[in-house]
Amino acid sequence: MHDARLVREQPDALREGMRRRGKLETLGPLIDRAEALDRDRRLTIQAVEERKAARNTASQEVARRKRAGEPADELMASTRALGEEIARLEQELAATQSEFGAILLEIPNITASEVPAGDETNNVVARSWGTPREAGTVKPHWEVGEALGLIDLPRGAKISGSGFIVYRGLGARLQRALMNFMLDLHTGAHGYDERWVPLFVNRESMVGTGQLPKFEEDMYALRDDALFAIPTAEVPVTNLLRDELLDGADLPIAYTAWSACFRREAGAAGKDTRGLLRVHQFDKVELVRFTTPEESAAQHELLTGHAEQVLQALGLPYRVLLLAAGDTGFSSTKTYDLEVFAPGVGKWLEVSSCSNFGDFQARRANIRYRAAKGEKPRFVHTLNGSALAFPRVVASILEHYQNPDGSVTVPDVLRPLLGVDVLR
RNA sequence: GGGCAGGUGGCUGAGUGGUUGAAAGCUCCGGUCUUGAAAACCGGCGGACCCGCAAGGGUCUCGGGGGUUCGAAUCCCUCCCUGCCCGCCA
């Protein structure tokens, strides 16, 4: 969520931001409307507060007269009339505020200046690592996964539906291995503080990180309990500090957490959904950082590097994409996607998205810090990235490390955790 | 799930309709004192929003929301959370 003052003080910066995202046509009129509502809203606030001040003064006078034993009936009557007027104005104000607020929640963040304008065709490859195998020279992961007894897609579909995976044997153990490997790397070498969090959160948390109100149809919801299944650990982990005032000396704060992630993927049916490419439930290790505005850009590079370390340790070729404005997530100012190569499907698969949200999430979630004693609280900057999402990593392992006989060599770092050197 | 007791500022904790944004203590900041520090003493110390160049003024805020009243931390309704007892249970 943007600062309401941005609408009034820099509406053109807002418009330029939307233009770079390719959203000016749809959101431009909303910004115009917001400007008008803001003017209206402030005038009404003034009118209400003026009357409230008068009422407060009058009430004091009533109190004084009552103490002094003087008559106050007439003053009480006139004050009651004032109260009715206040109620009417407040109703008007509530309507204006609610429309203004709703618009504010619909406007995405403004991307950083170095982010290319335009849609995803303007994404740029920032760097790449490793040597991809030639596409089409190995079997896709769903074939080897099934042949090696690691994945059971039909039974996943039977018990839950398509897009729900059953892992078997070493395939199941591989999930545990990845979880431990990634968490150990981040809590060890990278210095993150581990959290283990609820997989269902309330509406406030979903609003806090920006999934709601705009993306409600993408979420699994438990309607009877007003809870949502988390689409990423970003939601519970970032919201850990919701409504808190942090000590600047404690920044940056770095959390890592494993979680299952749930996504309805509404509208994605049939599109790159085979095997493990797009599933409704998957495991992921997430990195979240809270930092100052001054440091957030550097912290973003650091966090992205931590995610890359996972791929390097696994020996999987990948590339880093700087997303263009139009492809950058709603709340993000700048996003790097990490894509691992899967030679069996012949595609780069997104396994991580590392974003700097600036103060956009912090404002929604009300996460502030005080830089030093006596200073005003400021909003922190929040960042997060997957490091990494499991299914596509598994897909890449099964394809990149596939041998001619159909067996799969286990990456060195996973051997102690998996207990075998080769999946056969 | 049922019953009971509670939710007040960074913390502890007063306050049951009228100068209470809120006593007191602690923490913290500034000062006096001291070679320095501690102690003692003096002073200061929440946040959001609106108007204003500023100085300053105003509104709101005692778990959330709604209501009663001229006026609500205080009364009523509702929801959430915490503790205890009972029930149920991996």
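Labels below follow one simple rule: chain letters A, B, ... track the order of the sequence lines, proteins then strands, and each chain is numbered from 1.
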Side chain to side chain contact (heavy atoms under 4.5 Å, CB included) partners for A:Leu302, two or more places apart
A:Arg289, A:Gln299, A:His306

Of residues 195-208 of chain A, the positions that come close to RNA chain B - non-hydrogen atoms, cut-off under 4.0 Å
none

Test of understanding: with side chain to side chain contact (heavy atoms under 4.5 Å, CB included), list the residues that count as partners of A:Arg19, not counting sequence neighbours.
A:Glu16, A:Leu24

Checking all strands, does A:Ile45 fall into the base, sugar-phosphate, or nothing category for heavy-atom contacts under 4.0 angstrom?
sugar-phosphate

Strand partner of B:rC45, provided both Watson-Crick or wobble distances fall under 3.5 Å:
none

Step through it carefully: locate the ring centre of A:His381, locate the ring centre of A:Phe360, and say whether they are under 6.0 Å apart.
no

Selection: residues 77-108 of chain A, any non-hydrogen atom under 4.0 Å of RNA chain B
A:Thr79, A:Arg80

Name the pairing partner of B:rA39, where a pair is Watson-Crick or G-U wobble with both distances under 3.5 Å, or state none.
none

Using atom types as modelled, flag every donor-acceptor pair under 3.5 Å from a side chain in residues 149-156 of chain A to any protein atom, sequence neighbours excluded.
from: A:Asp152; atom 1: OD1; to: A:Arg155; atom 2: N; distance (Å): 3.1
from: A:Asp152; atom 1: OD2; to: A:Arg155; atom 2: NH1; distance (Å): 2.8

N/O-N/O pairs, protein side and nucleotides 60-63 of chain B side, under 3.5 Å:
from: B:rC60; atom 1: OP2; to: A:Asn56; atom 2: ND2; distance (Å): 3.4

Tabulate protein N/O versus nucleotide N/O from nucleotides 17-20 of chain B, keeping only pairs under 3.5 Å, one per line.
from: B:rG18; atom 1: N2; to: A:Ser59; atom 2: O; distance (Å): 3.2

Just grab all the side chain to side chain donor-acceptor pair (under 3.5 Å) pairs involving residues 158-183 of chain A, residues at least two apart or on different chains.
none

Side chain to side chain contact (heavy atoms under 4.5 Å, CB included) against A:Asp327, all qualifying residues, sequence neighbours excluded
A:Glu120, A:Asn123, A:Leu323

Return the orientation label for the A:Phe262 and A:Phe200 ring planes: parallel under 30°, perpendicular over 60°, tilted otherwise.
parallel

Could you tell me whether the phosphate oxygens of B:rC50, OP1 or OP2, come under 4.0 Å of any side-chain nitrogen or oxygen in A:Arg41?
yes

A:Asn356: side-chain hydrogen bond (donor to acceptor under 3.5 Å, both in side chains) partners, not counting sequence neighbours
A:Ser296

Quick one: ring-ring contact (aromatic ring centres under 6.0 Å, His included) pairs with a partner in residues 142-166 of chain A, sequence neighbours left out?
A:Phe164-A:His280

Quick one: is A:Arg368 getting a side-chain N or O under 4.0 Å of the B:rA48 phosphate, OP1 or OP2?
yes

Whole-angstrom distance between B:rC76 and B:rG17, as gauged at atom P:
12 Å

Give A:Arg51 one of three labels, base, sugar-phosphate or nothing, depending on what nucleic acid heavy atoms sit under 4.0 Å from its own.
nothing

Within less than 4.0 Å of OP1 or OP2 of B:rC50, is there a side-chain N or O belonging to A:Arg8?
yes

State which residues pass side chain to side chain contact (heavy atoms under 4.5 Å, CB included) with A:Glu92; sequence neighbours excluded, sorted by chain then number.
A:Thr44, A:Leu89

